[in-house]
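Before anything else, here's the structure in question.
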Amino acid sequence: MKNGKKSRAKDSPASAEDALLSRITIDPEICHGKPAIRHLRYPVESMLEYLAAGDSFEDLLEEFPDLERDDLRACLDFAAQSLKLKSQHLVLA
């Protein structure tokens, strides 16, 4: 511990999460500024919709060969972190 601060271990869960989230980028020139994977034209929202519809990671990796497993994990982590930041209100019909 230097200067009263704890150093973060390279393989700590927080640094692994940071590495995953770094795969999600926001660029006004790509996907209308929506969160996308690694500056590619794959919106996080679309990947989550595929997964919610029942597609597996393997299905998506086969369909989109330039994606990696960690890209899809990053989409899930991004969604989870987004829910922690915002209050969600569902309208029940």
Side-chain angles (χ1 to χ4, degrees):
M1 189 181 331
K2 263 190 175 178
N3 301 328
K5 294 181 182 179
K6 289 184 181 179
S7 64
R8 186 184 286 185
K10 254 190 177 180
D11 296 329
S12 73
S15 65
E17 183 178 291
D18 291 345
L20 276 180
L21 288 177
S22 71
R23 291 173 170 267
I24 305 302
T25 56
I26 297 174
D27 181 336
E29 300 295 319
I30 298 173
C31 298
H32 307 286
K34 289 187 173 189
I37 299 170
R38 292 185 289 123
H39 295 286
L40 301 172
R41 298 191 181 279
Y42 296 114
V44 169
E45 180 180 4
S46 296
M47 296 301 113
L48 294 172
E49 288 173 347
Y50 284 121
L51 292 168
D55 289 330
S56 67
F57 275 28
E58 288 72 25
D59 295 333
L60 294 177
L61 294 172
E62 186 175 317
E63 182 70 25
F64 307 107
D66 46 345
L67 293 183
E68 300 169 4
R69 180 171 295 280
D70 278 349
D71 294 328
L72 300 175
R73 290 181 56 228
C75 289
L76 294 175
D77 195 37
F78 181 84
Q81 294 302 319
S82 295
L83 287 171
K84 288 178 185 177
L85 295 174
K86 295 181 181 179
S87 174
Q88 301 292 321
H89 301 281
L90 299 177
V91 177
L92 302 176

Between Ser15 and Asp18, is any side-chain donor less than 3.5 angstrom from a side-chain acceptor?
-> no
For Glu63, all residues meeting salt bridge (Lys or Arg N to Asp or Glu O under 4.0 Å), sequence neighbours excluded | none
Using a 4.5 Å cut-off on heavy atoms from C-beta on, say whether the side chain of Leu67 contacts that of Leu60.
-> no
Nearest 0.5 Å please: distance from the OG1 atom of Thr25 over to the CD1 atom of Ile37.
-> 8.5 Å
Which residues satisfy the salt bridge (Lys or Arg N to Asp or Glu O under 4.0 Å) test with Asp71, sequence neighbours excluded?
-> Arg23, Arg38
Salt bridge or not for Glu29 and Arg41, using N-O below 4.0 Å?
-> no
Please round to the nearest 0.5 Å and tell me the distance separating atom CD1 of Ile24 and atom CD of Gln81.
-> 11.5 Å
Is it the case that one hydrophobic cluster holds both Ile26 and Val44, taking links as side-chain heavy atoms less than 4.5 Å apart, direct or via other members?
-> no
If every non-hydrogen atom of Asp59 is compared with every non-hydrogen atom of Gly54, which pair is closest and at what distance?
-> OD2-O, 4.4 Å
May I have all residue pairs that pass ring pair (Phe, Tyr, Trp, His ring centres under 6.0 Å) and include part of residues 23-44, sequence neighbours excluded?
-> Tyr42-Phe64
Can you name the residues that form a salt bridge (Lys or Arg N to Asp or Glu O under 4.0 Å) with Glu49, not counting sequence neighbours?
-> none
Has Glu62 got more than 12 heavy atoms of other residues, nucleotides or ligands less than 6.0 Å from its CD?
-> no
Locate the shortest heavy-atom distance separating Ala79 from Leu48; write the atom from each residue and the value.
-> CB-CD1, 3.8 Å
Are Leu61 and Arg69 close enough that some pair of their side-chain heavy atoms sits under 4.5 Å apart?
-> yes
Can you sort out the partners of Phe78 under ring pair (Phe, Tyr, Trp, His ring centres under 6.0 Å), two or more places apart, ordered by chain and number?
-> none
Please step through side-chain contact (heavy atoms from CB on, under 4.5 Å) for the pair Leu40 and Ile30, ending with a clear verdict.
-> CA-CA 8 Å; Leu40 301 172; Ile30 298 173; over 6 Å; no
Determine yes or no for a side-chain-to-main-chain donor-acceptor pair under 3.5 angstrom, with Asp77 supplying the side chain and Ala74 the backbone.
-> no
Sorted by chain and number, sequence neighbours left out, side chain to side chain donor-acceptor pair (under 3.5 Å) with Asp70 holds for Arg73
